[in-house]
Protein chains: 2
Amino acid sequence: MKKKNITIYDIAKEANVSPTTVSRVLTNNPLVKESTRKLVLEKMKEMDFTPNEAARSLTKKQTNMIGFILPDITNPFFSQTYIEVERRAHELGYTVLLRNSMNRSEMESTHLREFVQRRVECIVFMGGRINKVDSDPNEVEEMLEVMERVPLIMVNGQMEGVECHRICTNEEDGIRKIVSHLIEQGHKHLSLIGGAEGISTTDVKVKAFQEEIEKKGLEFRDEWQIYSGYDIENGRHAMRELLQKDPRPTAIIGINDMVIYGALKECREQNVPIDNFSFVGFDDIFPSDIVYPSLTTINHNYEMLSTEIVHSVQNIIERKPVEKEILIDTRLVIRESSLVKK
Amino acid sequence: MKKKNITIYDIAKEANVSPTTVSRVLTNNPLVKESTRKLVLEKMKEMDFTPNEAARSLTKKQTNMIGFILPDITNPFFSQTYIEVERRAHELGYTVLLRNSMNRSEMESTHLREFVQRRVECIVFMGGRINKVDSDPNEVEEMLEVMERVPLIMVNGQMEGVECHRICTNEEDGIRKIVSHLIEQGHKHLSLIGGAEGISTTDVKVKAFQEEIEKKGLEFRDEWQIYSGYDIENGRHAMRELLQKDPRPTAIIGINDMVIYGALKECREQNVPIDNFSFVGFDDIFPSDIVYPSLTTINHNYEMLSTEIVHSVQNIIERKPVEKEILIDTRLVIRESSLVKK
DNA sequence: TTGTACGCGTTATCAA
DNA sequence: TTGATAACGCGTACAA
């Protein structure tokens, strides 16, 4: 089953040329006579030759690989971003190395180390440490060390003391769009659930939420803003808490779509009519179109997000000028969950 | 920002030893005096040295990479499988190269070529061409060529004329479990929607469905078995068709969970009470626990699936004996959608 | 316990 | 248009 590794030397011998010439046809060097090129190509086909990328990387000092760290690919928000990045990177000849961190710092470290070792040409970082408002000095130092060797792009995050390229969803504006929409629907009592204090994506949203509410002359109630985490179960807990309040809010915004799924589930289990509330999520992951009621939410513009990521990656690698910070605008997708019923 | 690439030679010079010795500490060779090892490690830290994996791969003739081709990582079925594989592979020191094929043959070819070029040590293949009942001769030939150089494992698929390791979900048994469950619930009129004729995973299910129905003394109605594809929209179409039948079935099985999401959606749009039917899916992807009604479905046992995949990968790479075909049993997860109401 | 010399498969430099 | 020859950075047989 295993063949001997055949190399350009083998091809050279068969074609009666030097290895150099074989290498030339491999790199599409135009300084090769057409007839010899044809001959060499023929022999390569015959012998089923494939150049060894490791050897190539070694001499060319470039691997055509980029590393992508994200918390959890089973979360549609990340997979929807990743797949677009993979596609576009592929078009430009790059191989993406995907690694899940599960938001665990040691995993992130491991992945970073591996990326450096494999000499990826750029690292894209989402989630985890880059969303901590108070960054860990050790993590900062590690990032800086990595960045001395590999350029790094942070997506929807940042670290104090780590200056690098950033591409971010305009989350403030997303929240404003949600608040405006709910007020238009006649709501006066808005709640925000999910997330965690000290995590930048949460803090940004909470701040924007509070500001926008007060700007519109509504009342911000502390007890209607519940930090409860990011997943479905966390959403259930928040909703459970909310249902015990008196008075209750009439509209509920989720830090992401997932927590709203949980909130809906909790209402059902407690036999609380869904219609009692308007719900709005954030991310527009695919299940939001199929849950019941379908979920009003903020779409990240995944296409533009991924386009900008790969675009930046490319320019950074090619040492072209790149904007240090790129903001991606969002879009409010109105579905059933936020429309006034009865 | 860019440092000169520092190598074992630089370390050697700094530590007053030979490059060989540096290499030895890198590979944890015990034949190094403890004091020199310490010295070398120190210098490595000081100079922020990281071995170049490409150079390593070149001499060791092993890359520690495995390739993973699947149709679409945004489909939770695949991401739930992939993430487990990544985790386990990582524990064994392997890097997984993930590539999405979107079920397109040319993409698969591109990815296969790249994998060979990068000298991955094993390829895991899901979806696409390996699910065609009538395999394309060109695709078969390509697979065989690849397999002369890299071992390959097919997950939930096979190709006539391509003998290789296979790890499969026991889909027949899954379908039988569903049918039994529905009959226990008192159903006599079962329908199966989704999938496509000539795709092995579909054909296997359809066949098992028909056989099991007849074995139980029920009637298999051709018009209640609708090939309509694999995604949400396809599920809607099938349901639309089903709603026009007279008589209608009372229980609806989906080729996967996605099509049932579509079916539920279609019922709502047409104001047909969900309660008129029992629904059962296949795959147990995560939204099935949060859609309403929550979906009864077949769980793939992702843990065992991924364990077996990585286990096979490892044994194949290490040339240990491996079972040619491994069957993974499923589990019926009963939720609201299939329980008799009223 | 350590070092020398060579090989891994390619690309790049220079000369022919 | 082609061919020697030297890198690229590391591992390993062999010698010391």
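Looking at R119(A), its side chain never comes within 3.5 Å of a backbone N or O of E53(B) through a donor-acceptor pair. Between the side chain of R99(B) and the main chain of T95(A), no donor-acceptor pair closer than 3.5 Å is present. Between the E86(B) side chain and the N100(A) main chain, a donor and an acceptor come within less than 3.5 Å of each other. A donor-acceptor pair under 3.5 Å links the side-chain atoms of E121(B) to the main chain of N64(B), judged by distance alone.
Across all strands, V22(B) comes closer than 4.0 Å to no nucleic acid atom at all (heavy-atom distances). Residue T36(A) is in sugar-phosphate contact alone, with no base atom involved, counting any heavy-atom pair closer than 4.0 Å across all strands shown. Residue-level contact check: T27(B) touches the backbone only, with heavy atoms under 4.0 Å from sugar-phosphate atoms and none from bases. Counting non-hydrogen atoms under 4.0 angstrom, P19(B) reaches nothing in the nucleic acid. Base engagement by S23(B) is indicated by at least one non-hydrogen atom pair under 4.0 Å involving a base atom.
For K60(A), counting side-chain heavy atoms from C-beta on, the closest listed nucleotide (dA12(C), dC10(D), dG9(D)) is dA12(C). The side chain of S18(A) approaches dA4(D) more closely than any other nucleotide in the set dT11(C), dA4(D), dG11(D). Closest to the side chain of V32(A), from the set dT11(C), dG11(D), dT2(D), is dT2(D).
Distances shorter than 4.0 Å separate none of the side-chain N or O atoms of N52(B) from OP1 or OP2 on dC8(D). A sub-4.0 Å separation between OP1 or OP2 of dA7(D) and a side-chain N or O of T59(A) is absent. For dG9(D), neither phosphate oxygen OP1 nor OP2 lies less than 4.0 angstrom from any side-chain nitrogen or oxygen of T7(B). Close to dG11(D), at under 4.0 Å from its OP1 or OP2, lies a side-chain N or O of R56(B).
Atom CD in E53(A) sits about 17 Å away from atom P in dG9(D), given to the nearest Å. Taking atom CG of residue L58(A) and atom P of nucleotide dG11(D), one finds them 12 Å apart after rounding to whole Å. Distance I11(A) CD1 to dG3(D) C1': 18 Å, rounded to the nearest Å. What separates CG of N28(B) from P of dC10(D) is a distance of 15 Å, to the nearest Å. One atom, CD of Q62(B), and another, P of dC10(D), lie 16 Å apart when rounded to the nearest Å. Per the geometry, CG belonging to N5(A) stands 10 Å off C1' belonging to dC8(C), to the nearest Å. Here the C1' atom of nucleotide dC8(D) and the CG atom of D10(B) are 13 Å apart, to the nearest Å. For the pair R118(B) CZ and dT10(C) C1', the interatomic distance rounds to 14 Å; values are reported in whole Å.
Residues K61(A) and P30(A) each lie close to DNA chain D; by heavy-atom proximity, the contact nearer the 5' end of the strand is made by P30(A). Where R37(B) and R119(B) meet DNA chain C, the nucleotide closest to each residue was compared, and R37(B) sits on the side nearer the 5' end.
Inter-residue side-chain proximity for F77(B) and N156(B) is flagged as met; some heavy-atom pair is nearer than 4.5 Å.
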Q: Would you sort out whether F68(A) and V85(A) count as a side-chain contact (heavy atoms from CB on, under 4.5 Å), showing the intermediate values?
A: CA-CA 9 Å; F68(A) 197 146; V85(A) 169; 3.8 Å; yes

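Between the base of dT4(C) and the side chain of T20(B) there is a donor-acceptor pair shorter than 3.5 Å. Contact of R24(B) with dG3(C) (side chain to base): a donor-acceptor pair of N or O atoms is detected under 3.5 Å.
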